Amino acid sequence: DTEVTQTPKHLVMGMTNKKSLKCEQHMGHRAMYWYKQKAKKPPELMFVYSYEKLSINESVPSRFSPECPNSSLLNLHLHALQPEDSALYLCASRRKRGGVDTQYFGPGTRLTVL
Amino acid sequence: QQQVKQSPQSLIVQKGGISIINCAYENTAFDYFPWYQQFPGKGPALLIAIRPDVSEKKEGRFTISFNKSAKQFSLHIMDSQPGDSATYFCAASRGRGSTLGRLYFGRGTQLTVWP
């Protein structure tokens, strides 16, 4: 089973709203990632959690706040977003086996900021 | 700085033809090269991957060719089908040397296979 689930699938929010994106995996992977993807572009790394600790923050604005409550769950809290933050937000988890890294992506949350 | 360069940006192939997408990298510390396939509105899905200790890997109609000395690798899709129409991303990472497995993506190739 290589499934990463994300909720919600779609989210529309105003610039003053507070919302959260959720990501879940039950594969026992200990590294989880948030990416932002704009149309016709590759995924752009935002945050990396390793063993529930934030390991990489790619200079993401503070209006994005990640949280890793446990090894299976990853949240992205959103507050005071801008229209240019509209994008597909992807979560991924990583399996490392025999020196080979594999990242498995969820289906994404399509975010629209009005 | 783009760590992985991918070409072409878009590719149109007839059904049954061969699709070829090329990637190049500079960082010799990379030791894992996956290809991801992404359909509109979906997350990227791992298609096939290669380590630099082999020159070719084949899985069904998909083949990766790897040239370590030239620091290039390519994806070949044999007998291309309309269902292969998607965006393909090559990527690279430092599997053995990294605890975080960060992926460096190419810019992507939009493949269209005409019936």
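Computed over heavy atoms, backbone and side chain alike; hydrogens, waters and symmetry mates excluded. In the text below, chain A, chain B and the rest are named by the order of the sequence lines, each starting its count at 1. Note that the structure is a prediction, hence the values are computed from the model and not measured.
- Looking at heavy atoms from C-beta onward, B:R102 lies in side-chain contact with A:E58 at the 4.5 angstrom threshold.
- Using a 4.5 Å cut-off on side-chain heavy atoms (C-beta onward), A:T102 and B:P34 make no contact.
- Two residues are said to be in side-chain contact when any heavy atoms from C-beta on lie closer than 4.5 Å; A:L88 and B:Q38 meet this criterion.
- At most 12 non-hydrogen atoms from other residues, nucleotides or ligands lie less than 6.0 angstrom from CD of B:Q14.
- To the nearest 0.5 angstrom, A:R94 atom CZ is 8.0 Å from B:S93 atom OG.
- A chain of hydrophobic side-chain contacts below 4.5 Å, direct or via other Ile, Leu, Val, Met, Phe, Trp or Tyr residues, connects A:F64 to A:L74.
- Between the CD atom of A:Q37 and the OG1 atom of B:T87 there is a distance of 8.0 Å, given to the nearest 0.5 Å.
- When heavy atoms are compared at a cutoff of 4.5 Å, A:Y35 approaches chain B solely by way of its side chain, counted from C-beta outward.
- Taking a 6.0 Å sphere around CD of A:E84, one finds it holds more than 12 heavy atoms contributed by other residues, nucleotides or ligands.
- Heavy-atom contacts from other residues, nucleotides or ligands closer than 6.0 Å to NZ of A:K38 number more than 12.
- With chain A as the partner, the residue from B:P40, B:P44, B:A91 showing the most heavy-atom pairs under 4.5 Å is B:P44.
- Cluster annotation: A:L76 and A:L73 are assigned to distinct hydrophobic clusters (Ile/Leu/Val/Met/Phe/Trp/Tyr, side-chain heavy-atom contacts under 4.5 Å, transitive).
- Residues B:L46 and A:F105 share a hydrophobic cluster, clusters being chains of Ile/Leu/Val/Met/Phe/Trp/Tyr side chains in contact below 4.5 Å.
- Listed here is the closest heavy atom pair of A:Q103 and B:Y36: O-OH, 2.7 Å.
- A:Y51 OH: 12 or fewer foreign heavy atoms inside a 6.0 Å radius.
- In the hydrophobic clustering of this structure, A:V113 groups with A:L21; members are Ile, Leu, Val, Met, Phe, Trp, Tyr whose side-chain heavy atoms approach within less than 4.5 Å, directly or through other members.
- The interface of residues 103-115 of chain B with chain A, defined by heavy-atom distances below 4.5 Å, comprises B:L103, B:F105, B:G106, B:R107, B:Q110.
- In this structure, A:M46 is not a member of the same hydrophobic cluster as B:F89, with clusters built from ILVMFWY side-chain heavy atoms closer than 4.5 Å.
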